[in-house]
Amino acid sequence: MIGELQSTVLDCRDPQALARFYSELLGWPVVEVDGDWVDIGDGQGRRLSFQHAPAHQPPRWPDPGFPQQVHLDITIQDIDEAEGKVLALGATRLPSTEPGFRVYADPAGHPFCLCWA
(Lines give C-alpha, C1' and ligand atoms only; values in the text may rest on other atoms or scores of the structure.)
Protein backbone atom coordinates (compact mmCIF):
# COMPACT_ATOMS: atom_id res chain seq x y z
CA MET A 1 0.00 0.00 0.00
CA ILE A 2 1.26 3.43 -0.93
CA GLY A 3 -1.39 5.46 0.86
CA GLU A 4 -4.96 5.57 2.18
CA LEU A 5 -7.92 7.40 0.77
CA GLN A 6 -8.27 10.66 2.69
CA SER A 7 -11.27 12.13 0.94
CA THR A 8 -13.28 12.00 -2.25
CA VAL A 9 -13.39 15.55 -3.61
CA LEU A 10 -16.09 16.95 -5.88
CA ASP A 11 -15.40 20.15 -7.79
CA CYS A 12 -18.45 22.41 -7.99
CA ARG A 13 -19.53 26.01 -8.27
CA ASP A 14 -21.15 26.15 -4.79
CA PRO A 15 -19.39 23.91 -2.24
CA GLN A 16 -21.64 24.99 0.66
CA ALA A 17 -24.82 24.00 -1.20
CA LEU A 18 -23.43 20.70 -2.46
CA ALA A 19 -22.11 19.84 1.02
CA ARG A 20 -25.61 20.45 2.43
CA PHE A 21 -27.09 18.13 -0.21
CA TYR A 22 -24.72 15.26 0.62
CA SER A 23 -24.92 15.97 4.36
CA GLU A 24 -28.68 15.39 4.19
CA LEU A 25 -28.36 12.42 1.81
CA LEU A 26 -25.77 10.55 3.92
CA GLY A 27 -26.55 11.88 7.41
CA TRP A 28 -22.96 13.12 7.76
CA PRO A 29 -22.41 16.51 9.43
CA VAL A 30 -20.18 19.25 8.09
CA VAL A 31 -16.85 18.72 9.87
CA GLU A 32 -14.72 21.48 8.35
CA VAL A 33 -15.09 24.64 6.31
CA ASP A 34 -11.96 26.33 5.00
CA GLY A 35 -12.79 29.15 2.60
CA ASP A 36 -13.94 27.53 -0.65
CA TRP A 37 -13.54 23.98 0.73
CA VAL A 38 -16.11 22.04 2.79
CA ASP A 39 -15.78 18.56 4.34
CA ILE A 40 -18.53 16.31 5.64
CA GLY A 41 -17.70 13.13 7.57
CA ASP A 42 -19.16 10.08 9.27
CA GLY A 43 -17.05 10.31 12.45
CA GLN A 44 -15.31 7.03 11.51
CA GLY A 45 -12.74 8.51 9.14
CA ARG A 46 -14.79 8.59 5.94
CA ARG A 47 -14.99 12.04 4.41
CA LEU A 48 -16.45 13.69 1.34
CA SER A 49 -15.07 17.08 0.30
CA PHE A 50 -16.33 19.87 -1.93
CA GLN A 51 -14.02 22.35 -3.66
CA HIS A 52 -14.98 25.58 -5.37
CA ALA A 53 -14.34 25.40 -9.11
CA PRO A 54 -15.79 28.49 -10.78
CA ALA A 55 -15.47 27.06 -14.31
CA HIS A 56 -16.86 23.63 -13.43
CA GLN A 57 -18.64 22.00 -16.37
CA PRO A 58 -21.00 19.29 -15.09
CA PRO A 59 -21.16 15.93 -16.82
CA ARG A 60 -24.17 15.17 -19.01
CA TRP A 61 -25.22 11.57 -18.54
CA PRO A 62 -24.63 9.57 -20.73
CA ASP A 63 -23.03 12.03 -23.22
CA PRO A 64 -19.34 11.04 -23.78
CA GLY A 65 -18.62 14.63 -24.81
CA PHE A 66 -19.27 15.63 -21.17
CA PRO A 67 -18.20 12.49 -19.26
CA GLN A 68 -18.64 11.86 -15.57
CA GLN A 69 -15.57 12.79 -13.58
CA VAL A 70 -16.49 10.80 -10.48
CA HIS A 71 -19.57 9.06 -9.16
CA LEU A 72 -20.71 7.60 -5.87
CA ASP A 73 -22.61 4.36 -5.29
CA ILE A 74 -24.92 4.67 -2.29
CA THR A 75 -26.55 1.53 -0.88
CA ILE A 76 -30.20 1.92 0.11
CA GLN A 77 -32.97 -0.40 1.33
CA ASP A 78 -36.10 0.98 -0.37
CA ILE A 79 -35.57 2.59 -3.78
CA ASP A 80 -38.94 4.33 -3.93
CA GLU A 81 -38.51 5.92 -0.51
CA ALA A 82 -34.89 6.88 -1.22
CA GLU A 83 -35.73 8.30 -4.63
CA GLY A 84 -38.40 10.58 -3.19
CA LYS A 85 -35.97 11.88 -0.62
CA VAL A 86 -33.09 12.59 -3.03
CA LEU A 87 -35.42 14.29 -5.49
CA ALA A 88 -36.74 16.48 -2.64
CA LEU A 89 -33.13 17.41 -1.83
CA GLY A 90 -32.60 18.64 -5.39
CA ALA A 91 -31.33 15.57 -7.25
CA THR A 92 -32.44 14.82 -10.81
CA ARG A 93 -33.07 11.30 -12.11
CA LEU A 94 -30.96 10.36 -15.15
CA PRO A 95 -31.65 7.70 -17.80
CA SER A 96 -30.61 4.17 -16.86
CA THR A 97 -32.04 0.74 -17.54
CA GLU A 98 -29.71 -1.64 -15.69
CA PRO A 99 -31.29 -3.57 -12.80
CA GLY A 100 -30.22 -2.98 -9.19
CA PHE A 101 -29.50 0.72 -9.32
CA ARG A 102 -30.83 4.07 -10.52
CA VAL A 103 -28.71 6.99 -11.64
CA TYR A 104 -29.22 10.59 -10.47
CA ALA A 105 -27.40 13.90 -10.68
CA ASP A 106 -26.71 15.95 -7.59
CA PRO A 107 -27.52 19.70 -7.72
CA ALA A 108 -24.12 20.42 -9.32
CA GLY A 109 -24.61 17.73 -12.01
CA HIS A 110 -22.39 14.95 -10.60
CA PRO A 111 -23.90 11.49 -11.24
CA PHE A 112 -24.51 9.14 -8.32
CA CYS A 113 -26.26 5.80 -8.03
CA LEU A 114 -28.76 4.50 -5.51
CA CYS A 115 -28.07 0.76 -5.30
CA TRP A 116 -30.06 -2.07 -3.74
CA ALA A 117 -29.72 -5.85 -3.51
Side-chain angles (χ1 to χ4, degrees):
M1 174 177 70
I2 294 173
E4 294 180 11
L5 178 65
Q6 175 181 332
S7 185
T8 299
V9 182
L10 298 177
D11 288 350
C12 55
R13 291 179 189 233
D14 187 344
Q16 293 282 346
L18 199 56
R20 280 192 303 275
F21 174 85
Y22 280 103
S23 177
E24 289 291 323
L25 175 63
L26 300 172
W28 294 2
V30 171
V31 294
E32 185 175 343
V33 177
D34 184 9
D36 288 339
W37 182 280
V38 181
D39 291 325
I40 64 171
D42 71 347
Q44 305 297 314
R46 290 184 289 184
R47 183 167 55 174
L48 188 57
S49 303
F50 308 90
Q51 176 177 274
H52 183 241
H56 176 255
Q57 293 295 317
R60 297 182 193 161
W61 180 275
D63 182 350
F66 295 87
Q68 64 184 2
Q69 297 120 14
V70 66
H71 85 272
L72 303 174
D73 288 344
I74 301 169
T75 302
I76 50 89
Q77 296 297 316
D78 181 323
I79 183 57
D80 295 322
E81 179 182 345
E83 179 173 88
K85 290 178 179 179
V86 299
L87 294 175
L89 287 173
T92 303
R93 186 160 173 196
L94 300 175
S96 64
T97 58
E98 296 83 359
F101 67 93
R102 290 184 190 163
V103 183
Y104 303 83
D106 68 23
H110 301 106
F112 68 95
C113 298
L114 295 182
C115 308
W116 65 94

query: Are Ile76 and Leu48 in one and the same hydrophobic cluster, where Ile, Leu, Val, Met, Phe, Trp and Tyr link if side-chain heavy atoms are under 4.5 Å apart?
result: yes
Answer whether the closest heavy-atom distance between the side chains of Asp42 and Leu26 falls below 4.5 Å.
no
Residues at least two apart in sequence or cross-chain that pass ring-ring contact (aromatic ring centres under 6.0 Å, His included) with His52, listed by chain then number, are none
- Below 4.5 Å, heavy atoms only, C-beta onward: do Asp14 and Phe50 meet side chain to side chain? no
In this structure, CZ of Phe21 is separated from CG of Leu10 (nearest 0.5 Å) by 10.5 Å
Verify the cluster assignment for Leu72 and Leu87: are they in a single hydrophobic cluster under the rule of side-chain heavy atoms below 4.5 Å apart? yes
Would you say Trp61's side chain and Gln68's backbone share a donor-acceptor pair under 3.5 angstrom? no
Here the pair of heavy atoms bringing Asp36 nearest to Pro15 is O-CG, 3.6 Å
The complete set of side-chain hydrogen bond (donor to acceptor under 3.5 Å, both in side chains) pairs with one or both residues in residues 20-35, sequence neighbours excluded, reads Tyr22-Asp106
| field | Hydrophobic cluster membership, Ile74 vs Tyr104, 4.5 Å side-chain cutoff | value | yes
Rounding to 0.5 Å, atoms CZ (Arg46) and OG1 (Thr8) come to a distance of 11.0 Å
- Message: Less than 4.5 Å apart, side chain to side chain, heavy atoms only: is that true for Pro107 and Leu18?
- Response: yes
When every non-hydrogen atom of Leu25 is compared with those of Leu89, the smallest separation belongs to N-CD1, 3.8 Å
Q) Got a donor-acceptor contact below 3.5 angstrom from the Arg13 side chain to the Ala108 backbone? A) no
The complete set of ring pair (Phe, Tyr, Trp, His ring centres under 6.0 Å) pairs with one or both residues in residues 76-99, sequence neighbours excluded, reads none
Salt bridge (charged side-chain N to carboxylate O under 4.0 Å, His left out) filter on Asp39, not counting sequence neighbours, yields Arg47
- Mind checking whether Phe112 and Phe66 sit in one hydrophobic cluster, side chains of I, L, V, M, F, W, Y counted as touching below 4.5 Å? no
* Would Asp73 and Phe101 count as a side-chain contact (heavy atoms from CB on, under 4.5 Å) if you check the C-alpha gap in whole Å, the side-chain angles of each, and the deciding distance to 0.1 Å? -> CA-CA 9 Å; Asp73 288 344; Phe101 67 93; over 6 Å; no
Residue pairs meeting side-chain hydrogen bond (donor to acceptor under 3.5 Å, both in side chains), one or both in residues 88-103, sequence neighbours left out, come to Glu83-Arg93, Glu83-Arg102
Smallest heavy-atom separation, Gln16 atom then Val38 atom, equals NE2-CG2, 3.7 Å
Taken in chain and number order and not counting sequence neighbours, the residues that satisfy side-chain hydrogen bond (donor to acceptor under 3.5 Å, both in side chains) with Ser7 are Ser49
Shortest non-hydrogen pair, Asp80 vs Asp78, comes out as N-OD1, 3.0 Å
Pro58 and Gly109 have their tightest heavy-atom pair at CB-CA, 3.9 Å
